[in-house]
Amino acid sequence: MAKTICADWGNSLVKVAVFNEENKIVEKKQCNPDDANECVINIVHAYKPGGVILCSVSKQSDELEKLLKPVVDKFLHLDNDTHLPIMNAYSSPETLG
């Protein structure tokens with residue numbers, strides 16, 4: 001069973017990493033944005049993680065978020081409003097991928 005799945009929805013690819021209980025990556029995958037919803041959901045069903053983190057500045061990921069929330073116990077949409085223990089000094093944090 002995976003501890004966490006992280007998905008980063010970029011402009012040209014959706015990158016997915018599956019982390020085990022020791023926080024080591026056990027699988028990495030890249031998906032085309034057109035197939036990303038199915039790709040990520042299939043990974044979630046295969047690994048049954050304790051949580052999923054989705055990072056995206058794209059509105060395309062909204063549908064994936066709706067699909068993920070009902071099938072995982074913990075979901076985090078990581079964006080510029082997420083409170084983190086580090087400071088983001090990027091001049092336009094809402095566009096940082």
Side-chain angles (χ1 to χ4, degrees):
M1 179 160 100
K3 179 178 180 181
T4 307
I5 293 177
C6 298
D8 175 22
W9 194 302
N11 291 321
S12 57
L13 289 173
V14 177
K15 287 82 64 188
V16 183
V18 180
F19 293 84
N20 66 14
E21 289 79 10
E22 290 83 35
N23 293 322
K24 300 206 186 295
I25 295 174
V26 295
E27 183 173 347
K28 293 188 288 185
K29 186 162 183 132
Q30 294 181 345
C31 312
N32 181 305
D34 294 335
D35 306 323
N37 292 348
E38 182 179 359
C39 176
V40 175
I41 288 294
N42 286 342
I43 292 170
V44 167
H45 286 305
Y47 283 94
K48 300 180 183 7
V52 173
I53 299 169
L54 175 61
C55 177
S56 175
V57 295
S58 168
K59 286 292 180 193
Q60 285 182 289
S61 68
D62 290 351
E63 182 64 26
L64 178 57
E65 182 173 341
K66 290 177 191 171
L67 293 170
L68 287 170
K69 282 184 173 182
V71 297
V72 297
D73 291 332
K74 296 179 184 174
F75 176 83
L76 173 66
H77 185 153
L78 182 64
D79 63 14
N80 62 299
D81 291 324
T82 305
H83 295 288
L84 297 172
I86 57 173
M87 186 185 89
N88 179 358
Y90 198 72
S91 62
S92 58
E94 64 280 350
T95 63
L96 180 62

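Numbers for residues simply follow the sequence, beginning at 1.
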Strictly under 2.5 Å separating the two SG atoms? Check that for C31 and C39, please. yes
May I ask you to check whether over 12 heavy atoms, not counting those of N32, lie within 6.0 Å of atom CG? yes
May I ask whether V18 and L13 are part of the same hydrophobic cluster, defined by side-chain heavy atoms of I, L, V, M, F, W, Y residues being less than 4.5 angstrom apart, directly or through others? no
Distance in Å, K69 NZ paired with L64 CG, rounded so as to fall on 0.5 Å steps: 11.5 Å
Supply the atom-to-atom distance D62 CG to L67 CG, rounded to the nearest 0.5 angstrom. 11.0 Å
Do F19 and I53 belong together in a cluster built from hydrophobic side chains that touch within less than 4.5 Å? no
Would you check if S61 and L54 make a side-chain contact, meaning some heavy-atom pair closer than 4.5 Å? yes
Interatomic distance, CG@L76 vs CG@L68, rounded to 0.5 Å, equals 11.5 Å
Rounded to the nearest 0.5 angstrom, the NE2-CH2 distance for H77 and W9 is 11.0 Å
Test log, rule side-chain contact (heavy atoms from CB on, under 4.5 Å), inputs L84 and L78: CA-CA 10 Å; L84 297 172; L78 182 64; 4.1 Å; yes
Give a yes or no on this: more than 12 heavy atoms of other residues, nucleotides or ligands lie within 6.0 Å of atom NZ of K15. yes
Sort out for me which residue in I43, N42, D8 forms a side chain to side chain contact (heavy atoms under 4.5 Å, CB included) with V16. I43
Rounded distance (nearest 0.5 Å) linking atom NZ of K74 with atom NZ of K3: 9.0 Å
Quick check on E27: does its CD atom have over 12 non-hydrogen neighbours (other residues, nucleotides or ligands) under 6.0 Å away? yes
Closest non-hydrogen atoms of N11 and P33, given as atom of the first, atom of the second and distance, are O-CG, 4.4 Å
